[in-house]
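Numbers for residues simply follow the sequence, beginning at 1. This is a predicted model, so every value here is computed, not measured.
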Amino acid sequence: QVQLVESGGGLVQAGGSLRLSCAASGRTFSSYAMGWFRQAPGKEREFVAAISARGGRTSYRASVKGRFTISRDNAKNTVYLQMNSLKAEDAAVYYCASAKASVVVSIPYLYNYWGQGTQVTVSS
């Protein structure tokens with residue numbers, strides 16, 4: 001059974017930083033791309049960032065480029081999202097997800113396993 005467990009969310013002031021982690025188990029972690037998505041109240045889930053299976057390629061939504069960094073440690077079966085210069089509009093529940101393939105993808109239906117989410121709150 002595949003499990004994804006996020007951690008690292010919390011309350012931060014605008015301009016601050018948080019680092020999210022997602023620990024995976026139940027499948028060969030290094031064979032699949034990983035992604036981060038977020039969902040704010042009343043809004044649809046949206047793509048944030050993704051990383052290929054071996055970590056060589058990444059993709060970001062335009063609004064987080066230059067502020068967020070996705071990375072992975074295949075030896076630890078963990079994917080990270082470093083979030084800097086946080087803005088009020090970044091507040092949401094953040095989900096990590098494991099893709100159906102090894103390449104970077106940004107569409108939710110191309111991910112088949114999801115974590116339970118971690119709340120990020122940004123105060124202004």
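The two residues Ser102 and Ser31 come nearest to each other via the heavy atoms CB-O, 3.4 Å. Scanning all heavy atoms of the two residues, the minimum distance from Ala91 to Ala40 falls at O-CB, 3.8 Å. Here the shortest heavy-atom pairing between Ser85 and Ser17 reads N-OG, 4.3 Å. The two atoms that bring Val104 and Ser59 nearest to each other are CG1-CB, 3.4 Å, heavy atoms only. In terms of heavy-atom proximity, Ser124 sits nearest to Ala14 at CA-CB, 4.3 Å. When all heavy atoms of Tyr32 and Ser98 are compared, the pair lying nearest together is CB-OG, 3.9 Å.
Ring orientation note: the planes of Phe37 and Phe47 are nearly perpendicular, at an angle over 60° on the 30°/60° scale.
Val48 and Trp114 fall into different hydrophobic clusters, defined by Ile, Leu, Val, Met, Phe, Trp and Tyr side-chain heavy atoms under 4.5 Å apart, directly or through other members. The same ILVMFWY cluster, assembled from side-chain heavy atoms under 4.5 Å apart, contains both Leu4 and Leu18. Cluster annotation: Tyr94 is not connected to Tyr80 through the hydrophobic network of ILVMFWY side chains, with a link wherever side-chain heavy atoms come within less than 4.5 Å. Leu20 and Val122 fall within the same hydrophobic cluster, defined by Ile, Leu, Val, Met, Phe, Trp and Tyr side-chain heavy atoms under 4.5 Å apart, directly or through other members. Phe29 is connected to Ile51 through a chain of hydrophobic side-chain contacts under 4.5 Å among Ile, Leu, Val, Met, Phe, Trp and Tyr, so both are in one cluster.
Glu44 CD: 12 or fewer foreign heavy atoms inside a 6.0 Å radius. The environment of NZ in Lys100 is crowded: more than 12 heavy-atom neighbours from other residues, nucleotides or ligands sit within 6.0 Å.
With a 4.5 Å cut-off on side-chain heavy atoms, Thr28 and Ser30 count as touching. Under the 4.5 Å side-chain criterion, counting only non-hydrogen atoms from C-beta, Met83 is not in contact with Asp90. Annotation: side chain of Trp36 is in contact with side chain of Glu6 (closest heavy-atom distance under 4.5 Å).
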Step-by-step side-chain contact (heavy atoms from CB on, under 4.5 Å) determination, Val120 to Arg38: CA-CA 9 Å; Val120 172; Arg38 66 188 182 189; over 6 Å; no
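Under the 3.5 Å distance criterion, the side-chain polar atoms of Tyr60 are matched with a main-chain donor or acceptor of Ile70. Formation of a donor-acceptor pair under 3.5 Å by the Arg72 side chain with backbone atoms of Ala53 is found in this model. Formation of a donor-acceptor pair under 3.5 Å by the Tyr113 side chain with backbone atoms of Gln1 is not found in this model. Under the 3.5 Å distance criterion, the side-chain polar atoms of Arg27 are left unmatched by any main-chain donor or acceptor of Val2.
Rounding to the nearest 0.5 Å gives a distance of 11.0 Å between OG1 of Thr69 and CZ of Arg67. Once rounded to the nearest 0.5 Å, the distance linking SG of Cys22 with CD of Gln3 reads 11.0 Å.
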